[in-house]
Amino acid sequence: MKLVIQGGNTLRGKVRIGGAKNAALVLIAASAIAGGEVILDNVPRIADVERQLEIVQALGGRAEWQEQGRVLLSWPDKVAVAVPYQLAKKLRASNLFLGALAARIGQVRMPLPGGCDIGFRPMDLHLKGLSAMGFEVELEHGFINAKARELRGARIYLDFPSVGATENIMMAAVGVPGTTIVENAAKEPEIVDLASFLSGVGATIRGAGTDLIKIEGARAGVPASAGRAPAGACDSGRGARFSVIPDRIEAGTYMIAAAAVGAEVTIENVIIRHLQPVIAKLQDVGLEVAVGEDSLTVRRSGPLRATDIKTLPYPGFPTDLQSPMMALLCLVQGTSVISENVFDNRFRVADELKRMGAQIRVKGHSAVVEGPTRLLGAQVKAPDLRAGAALIVAGLAGEGETEICQAELIERGYEKVAEKFCALGGRIKYVD
Ligand code: EPZ
């Protein structure tokens, strides 16, 4: 699938942000921990969510779309232990069933997620956490096998505040008797959303959003074990009705696009606090940002200037917006230095931007961007989801026609992206 963009149009109008991909994906897995039917609202209809729902069905669960953005999930008493490789390999977030199944049935067989487009993405911190809580963890033939043994609350220090490891440990800990403490935990808003959901189905979690999270697990002496739901959340018979937080990365992408091509865009349905690092950075480059209750208006009134970007775990500048920012910084006056401190191979979009005339030098974890450059439309390829979003920004700002192939990667994380940009005045369409 390709996206074809005619550059040069300014963007004007309003865009409504959907539910957060990275919250929806973990909440779909976490639904296995609830004791009853789960209804999730504000779920983005994107490819990664569809794949995650297919895994629920493959495990024996029920996963159905209802009206706009609502998903109904329920799980039988008997749930499969093994996450199918053919489905799991399609998205990294399949690894979030590790903690969810560990909590629900006390065992799980999970394919090791492949290395991927943005760097080697190990699972050592996930496995360290489960082992510390008394799960027997084995790696064999490309699979992770985890089984409940002597489960007990543990104190787990994360060498890196990994989002997925924090989420998997939180979920698994719900089925472990005693108190589990996660130190140096990830603080992303999606972690807080997961904690709110788990609390809603009976878990006791404190500190989500800080670097120290405490989880009170299953009632002592009644831990999870193979094939039987643990005490605590699962046996409460409690279902849940939960609305996914807005997607801060989708919102930031539209803010960056508006900065790249001007002129004035209002972005609706956002949580301002989640966007602070992005607002601050875009103000640094000279964009006007007027903040409302749950929306903001970005206005480009004059030339933009260079700035430096350092990606960091939340509340630092999000790595998922590093590539779109790289596209923007090609267009501004001056030299910008981008350092990517979260993933070890997330500059792949630079080569594609250089095909459009960008002047970027990549060296290790840093990229130096010279501007301003006239970006010229070209045939380019999306190497990963967020790099694809960056190429849309570049195509909208560039002169002439840009053709992005492998555009299905963009569909993984952006709902109705062509439709939304067209509604703002962009000239962009899908071509099979
Ligand atoms: C989540 O990925 C997001 N995905 C990513 O979004 C996001 O970029 C990332 O967090 C960082 O914010 C989902 O939530 C589904 P990590 P995750 O574990 O959990 C290393 C997007 O575009 N690490 O925080 O996989 C790892 O290699 C996606 O929406 C270990 O070393 O990220 C990486 O360098 C991309 N050992 C760093 O930590 C581990 O056991 C951050 O990874 C785990 C991670």
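Residue pairs satisfying the salt bridge (Lys or Arg N to Asp or Glu O under 4.0 Å) criterion with at least one member in residues 58-71, sequence neighbours excluded, are listed as follows: E37-R62, D41-R70, R62-E64, E67-R70. Legend: side chain to side chain donor-acceptor pair (under 3.5 Å) pairs involving residues 186-202, not counting sequence neighbours, sorted by first then second residue: E190-R248.
Taking 4.0 Å as the cut-off between side-chain N and carboxylate O, R299 and E264 count as a salt-bridged pair. Salt bridge annotation for K381-E352: absent, with no cationic side-chain nitrogen under 4.0 angstrom from a carboxylate oxygen. For the pair R51 and D48, the salt-bridge criterion is not met [side-chain N within less than 4.0 Å of a carboxylate O]. At a threshold of 4.0 Å, the pair E370-R361 counts as salt-bridged, since one of the basic side-chain nitrogens sits closer than that to a carboxylate oxygen.
With a 4.5 Å cut-off on side-chain heavy atoms, I309 and S336 do not count as touching. Under the 4.5 Å side-chain criterion, counting only non-hydrogen atoms from C-beta, P161 is not in contact with D211. In this structure, V26 and N22 have side chains that are not in contact, with every pair of non-hydrogen atoms separated by 4.5 Å or more.
P84 approaches A58 most closely through the heavy-atom pair CG-CB, 3.6 Å. Between A260 and V393 the shortest heavy-atom distance is CB-CG1, 3.5 Å.
Atom-to-atom distance recorded for N341:CG and Q322:CD is 9.5 Å, nearest 0.5 angstrom. Expressed to the nearest 0.5 Å, how far CZ of R355 lies from CG of L353 amounts to 11.0 Å. Taken from OG1 in T402 to CD in Q6, the straight-line distance is 8.5 Å, to the nearest 0.5 Å. Within the model, atoms CD1 of I245 and CD1 of I271 stand 5.5 Å from one another, a figure rounded to the nearest 0.5 Å. Here the straight-line distance linking atom CD1 of I5 with atom CD of E401 works out to 9.5 Å at 0.5 Å rounding. Going from atom CD1 of I17 over to atom CG of D294 covers 11.5 Å, rounded to the nearest 0.5 Å.
Legend: residues meeting ring-ring contact (aromatic ring centres under 6.0 Å, His included) with Y254, ordered by chain and number and at least two apart, are F421. With sequence neighbours excluded, no residue satisfies salt bridge (charged side-chain N to carboxylate O under 4.0 Å, His left out) with K90. Residues passing the side-chain hydrogen bond (donor to acceptor under 3.5 Å, both in side chains) test with S295: none are found, sequence neighbours excluded. Here F97 pairs with nothing under the ring-ring contact (aromatic ring centres under 6.0 Å, His included) rule; sequence neighbours left out.
Judged by distance alone, the side chain of N42 and the main-chain N or O of V244 form a donor-acceptor pair under 3.5 Å. K281 places a side-chain N or O within 3.5 Å of a backbone atom of D308 that can act as its donor or acceptor partner.
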- Query: Stepwise, does the side-chain contact (heavy atoms from CB on, under 4.5 Å) test hold for L101 with V83?
  - Reply: CA-CA 10 Å; L101 293 182; V83 178; 4.2 Å; yes

| said: Go through it in stages, so that I can follow the logic: the residues are K429 and V431, the test is side-chain contact (heavy atoms from CB on, under 4.5 Å), and I'd like the CA-CA distance, side-chain angles, deciding distance and then a yes or no. | reply: CA-CA 6 Å; K429 64 182 179 190; V431 170; 4.2 Å; yes

Margin query: Applying side-chain contact (heavy atoms from CB on, under 4.5 Å) to T180 and I156, what does each step give before you reach the verdict?
Written below: CA-CA 8 Å; T180 294; I156 301 156; 3.9 Å; yes

### Message
One pair to check against salt bridge (Lys or Arg N to Asp or Glu O under 4.0 Å): R206 and E216. What are the steps and the verdict?
### Response
CA-CA 9 Å; R206 287 191 299 278; E216 301 301 336; 3.4 Å; yes

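Using modelled atom types, one finds a donor on one side chain and an acceptor on the other under 3.5 Å when comparing E340 with T319. For the residue pair T266 / T297, a side-chain donor-acceptor distance below 3.5 Å is found, with atom types taken as modelled.
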